[in-house]
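All remarks here apply to the structure that follows.
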Amino acid sequence: MSTSNAIIGWKNLSLGCAILEPGSSRKLKTGDWRSQHPVLDKEKCIKCAICYIDCPDLAYTQNEEGYFIADMTYCKGCGICANECPKDAITMKMEEE
Amino acid sequence: MAKRVGMEVSLGVSEAVKVADVDVIAAYPITPQTHIVEHLAELVANGELDAEFIPVESEHSAMSSCVGSSATGARTYTATSSQGLALMHEILYIVPALRLPVVMTVANRALSGPINIWNDHSDIMSERDIGWIQTFAENGQEAFDLSVHAFRVAEDHSVLLPVIVNLDGFTLTHVVEPFEILDKAEVAKYLPPYKPLQRLDPEHPITMGAVGIPEVYTEAKKQYEDALVRSKSVVIQAWKEFGDLFGRYYHPVETYKTEGAETLLLTMGSVSETAMTAIDRMREAGKKVGLVRFRLWRPFPFEEFFEAVKGVKTLAVMDRAMSPGGPCGPVAAEVRAALYDQPTRPKVFSFVAGLGGRDVQVSDFEEIVSRAEKYAEKGAPATYDLIGVREI
Ligand code: SF4
Ligand code: SF4
């Protein structure tokens, strides 16, 4: 017998494989892959929002104080935010540290 | 009221698109398709056709725009040819995968190189596996009728797949023929407004074209292949209704003087009309020959084809494209594969002719038939014959 790791039968697939549920990408926990995470130094941060804009996984949200905080459920540890921060306010740290 | 006109076939196709009341045309001009889109641009500009004409910067963009347009639920049309079709290649596979009923005319033309703007089928034979429904027109009337039919089939809720109508570049696109133009009210009886089952709509967001991971890709392919195979019955039914309304009937496989034939020629497109003249001549000379033509190329019309060649000894397939280094022409290859499991089948011989605008004459068909009959008796070359090639 052949084995299959299909997650859905073709007859039950939506038309054209469309995703019918809006915002379902929230369920994709890209944080699973992470080997590093960003650490914010609030002393240096000027709240410019570049990290928020550049994060490819939309991990950042702004807190009440106006700082941008990455949600580790979605942060995949790519380091783009740390690289792009104009004030070097973000440092990437290995997960075990 | 339908009116009989003498018109260049390209303009006739534009008129068909007009009476089909398209919403969006995204196209880039390329010989020999140019007159079709040029005339459509005129019709939009002078207010005869209420549609968006998107003059894109390449065929890749044309097909990409068609994807976006069709995804919003707009009736969408484009036309291209040869290198233009090749440039669309990567997007062509996406259209049926997203189940978008785009309609496209392909004015069949040779692929470079050498650069050649004239007619053969190498452009479309390179796009065999794109998952579109594909039909072939033989004359101006058919080009008009098949264009209207294409929208009807594409938008059927059990189909929702794109359709290509093939017509030969120059030998068909650029000739003036007498044919009957249906008007908008008549076509409206046949072609209801397009009602998408799902579409891009900010009020009800959905995602089209998401990644198909290994755990779902096979199932996604199977879904639209199944729709393509099942579309044959809709194609046939829509031709029947077209005939009942307008008096012209079409079939997936057309035959000509096949009764009692021992040898059949197989052709596609406008050379079929020359082939009919050749058949008439050979019949007059007492030869038991007939002609079979594929009008529907995808989905492949297995049952109709088997019926058409039943009891025939020899089948001479004329391809208008080469498969360099392969076993035979692309159509012959498919025909052989289709017949392989049949308990009785004709011997199939492959001939390639009419490349890059090379004229195919009545005498060429007579030559093909006589060679096929000789091969049936004495054995054939392993590959194919290139008809009319000059050796020195
Ligand atoms: S890019 Fe740097 S400075 Fe700007 S908001 Fe983010 S952490 Fe603060
Ligand atoms: S490391 Fe990458 S994924 Fe994580 S927050 Fe920074 S930009 Fe986003």
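The chains referred to below are lettered A, B, ... by the order of the sequence lines, with proteins before strands, and numbering in each begins at 1.
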Taking atom [atom1] of [X] and atom [atom2] of [Y], what is their separation to the nearest 0.5 Å?
{"X": "B:Lys222", "Y": "A:Lys11", "atom1": "NZ", "atom2": "NZ", "answer": "8.0 Å"}
{"X": "B:Arg99", "Y": "A:Cys17", "atom1": "CZ", "atom2": "SG", "answer": "11.0 Å"}
{"X": "B:Leu160", "Y": "A:Leu15", "atom1": "CG", "atom2": "CG", "answer": "5.5 Å"}
{"X": "A:Ser14", "Y": "B:Gln198", "atom1": "OG", "atom2": "CD", "answer": "6.5 Å"}

Has [X] got more than 12 heavy atoms of other residues, nucleotides or ligands less than 6.0 Å from its [atom1]?
{"X": "B:Asp50", "atom1": "CG", "result": "no"}
{"X": "B:Tyr93", "atom1": "OH", "result": "yes"}
{"X": "B:Arg230", "atom1": "CZ", "result": "yes"}
{"X": "B:Glu52", "atom1": "CD", "result": "no"}
{"X": "B:Phe53", "atom1": "CZ", "result": "yes"}

What residue, out of B:Pro96, B:Gly209, B:Ala97, has the most heavy-atom pairs lying under 4.5 Å from chain A?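 Answer, by heavy-atom pair count under 4.5 Å with chain A: B:Ala97.
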
Pair B:Val216-A:Ile8, side chain to side chain contact (heavy atoms under 4.5 Å, CB included): steps then yes or no: CA-CA 7 Å; B:Val216 79; A:Ile8 186 168; 3.7 Å; yes

With only heavy atoms counted, which part of [X] is less than 4.5 Å from chain A, the side chain, the backbone, both or neither?
{"X": "B:Leu98", "value": "both"}
{"X": "B:Ala220", "value": "both"}
{"X": "B:Ile213", "value": "side chain"}

Check for a donor-acceptor pair, side chain of B:Glu219 on one end and backbone N or O of A:Leu13 on the other, with a separation under 3.5 Å.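 No: the side chain of B:Glu219 does not pair with the backbone of A:Leu13.
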
